[in-house]
Amino acid sequence: MKQKVIGIMGQKGGAGKSTLTNIIPNEILFKYSKRKKDCKILVLDVDTQRSNSDLRERDVDILKMEIPSPFYDGLDKDDQEQVRLMRTKFQFLNAKYGWKPYELKTVEMEPNSINRGIEILNSDGYDFVFLDFPGTLDQEGTGDLIEYVQYMFIPTAKNTYDINSLTRFIEQINDIKWERLESIVFFFNKFEKIKDRQYNKVQTEIVQRFGYPFMRNRINKTSIVESDYYNSLLPMSLNINLNTQEVYPLAGVNFSQFTDELLEIVNHNNKA
Ligand SMILES: Nc1ncnc2c1ncn2[C@@H]1O[C@H](COP(=O)(O)OP(=O)(O)OP(=O)(O)O)[C@@H](O)[C@H]1O
Ligand SMILES: [Mg+2]
């Protein structure tokens, strides 16, 4: 199998699993697009909260929306502006780099849908498949899909960090009969440089207690993910200036650097 199955998973309570399962695939794809290399990525949304499925549905509606139309005309000025901006940026990246975002499929927690998910995982049709799991692994049905994870990335947000729920999670994964698992790595999300020492302390504690390594790159806390602009269609690390036709990294946002390290891990040190 060439396909790599990645799970950004772990503790419940908003550590950023769904957010990063949306962001990282587009960051990978953008790296490949820039180099004119093909890459196919699928996000399988296994979480009944449907965070990423709902986001993608909204985004597809935005791309398909007719302007003008009764629906568009009914939006307030800010939303109209946001819709036009996203569409224009999408078209711009598509024309310049042949840009396409990741594919998304939703897995419902019923046998037929789970079986379809498993078929996809067995079909080896993608370069990368990302699975978005709920915060607990007890959800009926997720068990069959978890076994496919090869690379597990565990986000830890210091403010929601809870050693008890983490301990439970680690116990749960230790009980799973892994056939394909290659690595388990922790990382910090919502990192704030001024609290560096507190992060280092938590990192030492987790490494000592569970023995799993941390990623060098810590994902900065950023307002982009809470903004109206947040979407599933575009690389979130980019600033796209439509006037000057320039594309450059958004200051303070380090999704791209993090993605390089993630690719090093899953490609065993071969860069994309
Ligand atoms: N790097 C970041 N900077 C700022 N806010 C972030 C960052 N990553 C995630 N968030 C915010 O944290 C909140 C929780 O994120 P998310 O829904 O991705 O967590 P989750 O781990 O999927 O939670 P759940 O266990 O409920 O599925 C969201 O409001 C999201 O916008
Ligand atoms: Mg989630």
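We number each residue from 1, following the sequence as shown. For ligands, and for the atoms within them, numbers begin at 1 and follow the listed sequence.
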- prompt: Looking at R216 and D260, does any basic side-chain N land under 4.0 Å from a carboxylate oxygen?
  reply: no

message: Quick check on S51 - does any of its heavy atoms sit under 4.0 Å from an atom of ligand 1?
response: no

task: Looking only at protein heavy atoms, identify the closest one to atom 25 (O) of ligand 1 and say how far it is in Å.
output: K17 NZ, 2.8 Å

message: Students should be able to answer this: which protein heavy-atom is nearest to atom 3 (N) of ligand 1, and at what distance?
response: T222 N, 3.0 Å

query: Side-chain donor-acceptor pair under 3.5 Å between N52 and S18, yes or no?
result: no

Heteroatom distance test (F133, ligand 1): nitrogen or oxygen, under 3.5 angstrom: no

Residue Q49, metal the Mg ion (ligand 2), N/O/S under 2.8 Å: no

message: Counting only heavy atoms closer than 4.0 Å, does ligand 1 sit against the backbone of L20, its side chain, both, or neither?
response: neither

R50 bridged to E57 by N-O distance under 4.0 Å: yes

- request: Answer with yes or no whether the side chains of Q82 and D228 bring together a donor and an acceptor at under 3.5 Å.
  value: no

- prompt: Can R56 be said to sit on top of Y102's aromatic six-ring, NZ or CZ under 6.0 Å from centre and within 45° of the ring axis?
  reply: yes

- line: the protein heavy atom lying closest to atom 15 (O) of ligand 1 turns out to be T19 OG1, 3.4 Å

Check ion pair D61-R58 (N to O, under 4.0 angstrom): no

message: Distance under 4.0 Å to a non-hydrogen atom of S18: what atoms of ligand 1 satisfy this?
response: 18 (O), 20 (P), 22 (O)

message: Tell me whether F255 has any N or O atom under 3.5 angstrom from an N or O of ligand 1.
response: no

query: Which of the atoms in ligand 1, numbered in the order shown and given with their element, are less than 4.0 Å from a heavy-atom of D47?
result: 27 (O)

Sub-4.0 Å heavy-atom contact, N22 with ligand 1: no

field: Identity and distance of the protein heavy atom lying nearest atom 5 (N) of ligand 1
entry: V225 CG2, 3.2 Å

field: D127/K4 salt bridge by N-O under 4.0 Å criterion
entry: no

task: Do me a favour and list the nearest non-hydrogen protein atom to atom 13 (C) of ligand 1 with residue, atom name and distance?
output: K190 NZ, 3.8 Å

message: On a heavy-atom basis, which atom in I6 and which in F128 lie closest, and how many Å separate them?
response: CD1-CD2, 3.9 Å

message: Any carboxylate oxygen within less than 4.0 angstrom of a Lys/Arg side-chain nitrogen, looking at E179 and K177?
response: yes

- prompt: For atom 27 (O) of ligand 1, which protein heavy atom lies nearest, and how many Å away is it?
  reply: Q49 NE2, 3.2 Å

- prompt: Do any nitrogen or oxygen atoms of P134 lie less than 3.5 angstrom from nitrogen or oxygen atoms of ligand 1?
  reply: no

message: With no hydrogens and no angle check, just 3.5 Å: does a side-chain donor-acceptor pair link S256 and K31?
response: yes

- prompt: Between R84 and E81, is the closest basic N to carboxylate O distance under 4.0 Å?
  reply: yes

- request: Taking only heavy atoms of E226 into account, list the atoms of ligand 1 that are under 4.0 Å away from them.
  value: 5 (N), 11 (C), 29 (O), 31 (O)

- line: re atom 1 (N) of ligand 1, the protein heavy-atom contact at minimum distance is N189 OD1, 2.9 Å

